[in-house]
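Reading through the structure tokens given below for one structure.
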Number of protein chains: 2
Amino acid sequence: MTPSPPPAAAPPSGLPLRERKKLRTRHALIDTALRMFTERGFDGATLDELCDAVEVSKRTFFRTFASKEDVAMAPAEDMWRAFADRLAGRDLGGRPVAAELRAVLRETVAAMPDEGWEHRMLLSRRLAAATPSMDAHGLHFCNRTSARIVADLHRRLDVDPADPRPRLAIDLVVAAWHHALETWTAQEGGHTRGALAARLDAAFDALPGALSFAAPARADSPPPAESTG
Amino acid sequence: MTPSPPPAAAPPSGLPLRERKKLRTRHALIDTALRMFTERGFDGATLDELCDAVEVSKRTFFRTFASKEDVAMAPAEDMWRAFADRLAGRDLGGRPVAAELRAVLRETVAAMPDEGWEHRMLLSRRLAAATPSMDAHGLHFCNRTSARIVADLHRRLDVDPADPRPRLAIDLVVAAWHHALETWTAQEGGHTRGALAARLDAAFDALPGALSFAAPARADSPPPAESTG
DNA sequence: AGGTTTATGCCACTTAGTGGCAAAGTCGTC
DNA sequence: GACGACTTTGCCACTAAGTGGCATAAACCT
């Protein structure tokens, strides 16, 4: 049986009741979705069943999430949102941008306010690996967030809009992140934020090598084929 | 009015009638879909309307494509398939892998057998920019193809499966490709394969700079914010 | 306490997508 | 060319995600 993550933190008590109820509903939908999808597969649990279990209408579900994939990818989307927010408050002056982006992403993971975030992320990631529509949704959200961050960077750094480097910088960091997440998900146990951050660091550090490494001169080439031209 | 691309090439006459009819149907669905989606938006043209226009049943549509997004993203997917095929036949020995991947991608674009491919690619890309589900589908297909290519590379290069560099190498090339495609789509006119390839080269050449460039020391930082910790 | 604003649930509906099965079309052999 | 075998197609019924309208309930503010 999948161990339960810690209950989602109670919404901050400074918020009005309405806001608190919405957050509570949101968390309940995420947790129940991840549990049900894990038990039966993404397609094996319908939204009707999910809404029955949480005791909200489907109409409310769609006021909270854009789609079925949205609820299932919530841990990753929350993280990308937090990353963009943290980056917006960051002084980037004087240091390499890609390394800064990496550092901010690292801090974001460490600071995710949801106590069980890493467990939810693990469940979500495993589901996404088996569910193309989830994976696609997550990739798109990440890509969209990256594009927004780039537009912001172009403004803040007063960089020529035609300069490809800001967009490519964030793409490099995203590539490192995805590799880290993939291998972190695949490891046996020890799914901690620290472990994820360490894998991010290792992947990021491998980027220069990824650009320059050469195949062995006598690599196992495929059998000579007819001309493919 | 959107200029028509050249008609899709007639299926090779060496194939049995069945195969030829299937290819003819496939091409008709792609072209009609791109035309209708461009005229009315992706969500503005239903699959019923598309199938009526091409005179096949929806059942046949779903035997040909996995989803509505699949038909709309066909130009990109065909290209990634061709890329993976070409790469499988490539001797990679002795040269930097990332540069080889770039070169193969370049050749793939130049050699796409569909005569109007670049026009179809442009239509599809413009639609995807305005249609999240299309974009997501395309990103996922690219990601899945990359994962398959990496598994193949690990085998052919006899590289440690834990080595992150093959996966990161292809991610770098994909990042360069996406940037090239984005700016090529945005340019005014001149949407040729040569122009796309040139932009791919420029983006690829910018990758080392993307890793190392630093923000100006007194960049336009956001106003001092409260602690974001 | 009461008026205003916001959130919710109910309901009807559309569209993408699925699966079964009979009929039509193609293929290969004689 | 005829015929039996194999493959493809279209029809049909259906499901589930997703959409929009509207009355009611709940929360908020004075």
Side-chain angles (χ1 to χ4, degrees), chain A residues 11-30 32-33 36-37 40-74 127-128 131-138 140, chain B residues 11-30 32-33 36-37 40-74 127-128 131-138 140:
Chain A
S13 53
L15 293 175
L17 187 61
R18 274 179 169 147
E19 290 300 313
R20 275 187 280 134
K21 289 187 72 175
K22 284 173 68 173
L23 283 174
R24 194 174 294 125
T25 298
R26 184 173 189 275
H27 291 319
L29 284 168
I30 294 169
T32 308
M36 290 175 84
F37 296 163
R40 316 179 205 176
F42 183 77
D43 294 321
T46 64
L47 285 180
D48 282 334
E49 289 166 337
L50 172 60
C51 293
D52 282 348
V54 178
E55 295 182 315
V56 295
S57 69
K58 218 157 90 177
R59 192 71 188 82
T60 294
F61 173 87
F62 281 111
R63 289 198 185 94
T64 311
F65 296 101
S67 64
K68 193 178 178 183
E69 285 76 19
D70 212 25
V71 70
M73 296 303 299
L127 285 167
T131 312
S133 67
M134 271 179 70
D135 212 14
H137 190 81
H140 177 65
Chain B
S13 54
L15 294 176
L17 186 60
R18 273 179 172 144
E19 291 300 315
R20 278 187 277 133
K21 290 188 68 174
K22 284 174 68 174
L23 282 174
R24 193 174 294 127
T25 298
R26 184 173 188 275
H27 291 318
L29 284 167
I30 294 169
T32 307
M36 291 174 81
F37 296 161
R40 318 179 203 175
F42 184 75
D43 293 322
T46 64
L47 286 181
D48 282 336
E49 288 165 338
L50 173 60
C51 293
D52 281 350
V54 179
E55 294 181 318
V56 294
S57 69
K58 217 158 92 178
R59 192 71 188 82
T60 295
F61 174 89
F62 282 110
R63 286 197 188 96
T64 311
F65 296 101
S67 65
K68 194 177 177 183
E69 287 74 17
D70 211 25
V71 69
M73 296 304 299
L127 286 167
T131 312
S133 68
M134 271 178 69
D135 212 15
H137 190 82
H140 177 64

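By convention in this document, chain letters (A, B, ...) are assigned in the order of the sequence lines, proteins followed by strands, and residues within each chain are numbered from 1.
For the atom pair A:Asp52 CG and A:Thr46 OG1, the distance stands at 7.5 Å (nearest 0.5 Å). Within the model, atoms CG of A:Leu47 and CZ of A:Phe61 stand 5.0 Å from one another, a figure rounded to the nearest 0.5 Å. The CZ atom of A:Arg24 sits 9.5 Å away from the NE2 atom of A:His27 when rounded to the nearest 0.5 Å. Interatomic distance, A:Thr25 OG1 to A:Glu55 CD, rounded to the nearest 0.5 Å: 10.5 Å.
Counting only heavy atoms from C-beta on, B:Phe62 has its side chain closest to C:dG17 among C:dC21, D:dG18, C:dG17. Closest contact between the side chain of A:Lys21 and the listed nucleotides C:dG17, D:dA27, D:dA17 involves D:dA27. Residue B:Arg63 has its side chain nearest to C:dG20 when only C:dG17, C:dG20, C:dG9 are considered.
Within the structure, every side-chain polar atom (N or O) of A:Thr46 is placed at least 4.0 Å from both OP1 and OP2 of D:dA16. Within the structure, every side-chain polar atom (N or O) of B:Ser57 is placed at least 4.0 Å from both OP1 and OP2 of D:dT9.
Atom CG of B:Asp70 is separated from atom P of C:dA16 by 14 Å (rounded to the nearest Å). The separation between A:Asp52 atom CG and C:dC10 atom P is 10 Å, rounded to whole Å. Summarising the geometry, the separation between CE on A:Met36 and P on D:dA16 is reported as 12 Å, rounded to the nearest angstrom. Rounded to whole Å, the distance from CG on B:Leu47 to C1' on C:dT18 is 13 Å. When the P atom of C:dA7 is taken as reference, atom CZ of A:Arg24 falls 16 Å away, rounded to whole Å. In this structure, NZ of A:Lys68 is placed 15 Å from P of D:dT15, rounded to the nearest angstrom. In this structure, B:Arg20 places its CZ atom 15 Å from P of D:dT8, rounding to the nearest Å. As rounded to whole Å, 12 Å separates atom P of C:dG17 from atom CG of B:Asp48.
Both A:Lys22 and B:Leu17 lie near DNA chain C, and the one whose nearest nucleotide falls closer to the 5' end is A:Lys22.
When heavy atoms are screened at a 4.0 angstrom cut-off, A:Lys58 is found touching base atoms of the nucleic acid. Within the 4.0 angstrom heavy-atom criterion, only backbone atoms of the sugar-phosphate kind lie near B:Glu69; the bases stay farther away.
Formation of a donor-acceptor pair under 3.5 Å by the A:Glu19 side chain with backbone atoms of A:Pro16 is not found in this model.
Counting atom types as modelled, A:Arg18 pairs no side-chain N or O with a base atom of C:dA7 as donor and acceptor under 3.5 Å. Judged by distance alone with a 3.5 Å cut-off, no donor-acceptor contact links the side chain of B:Arg59 to the base of C:dG17.
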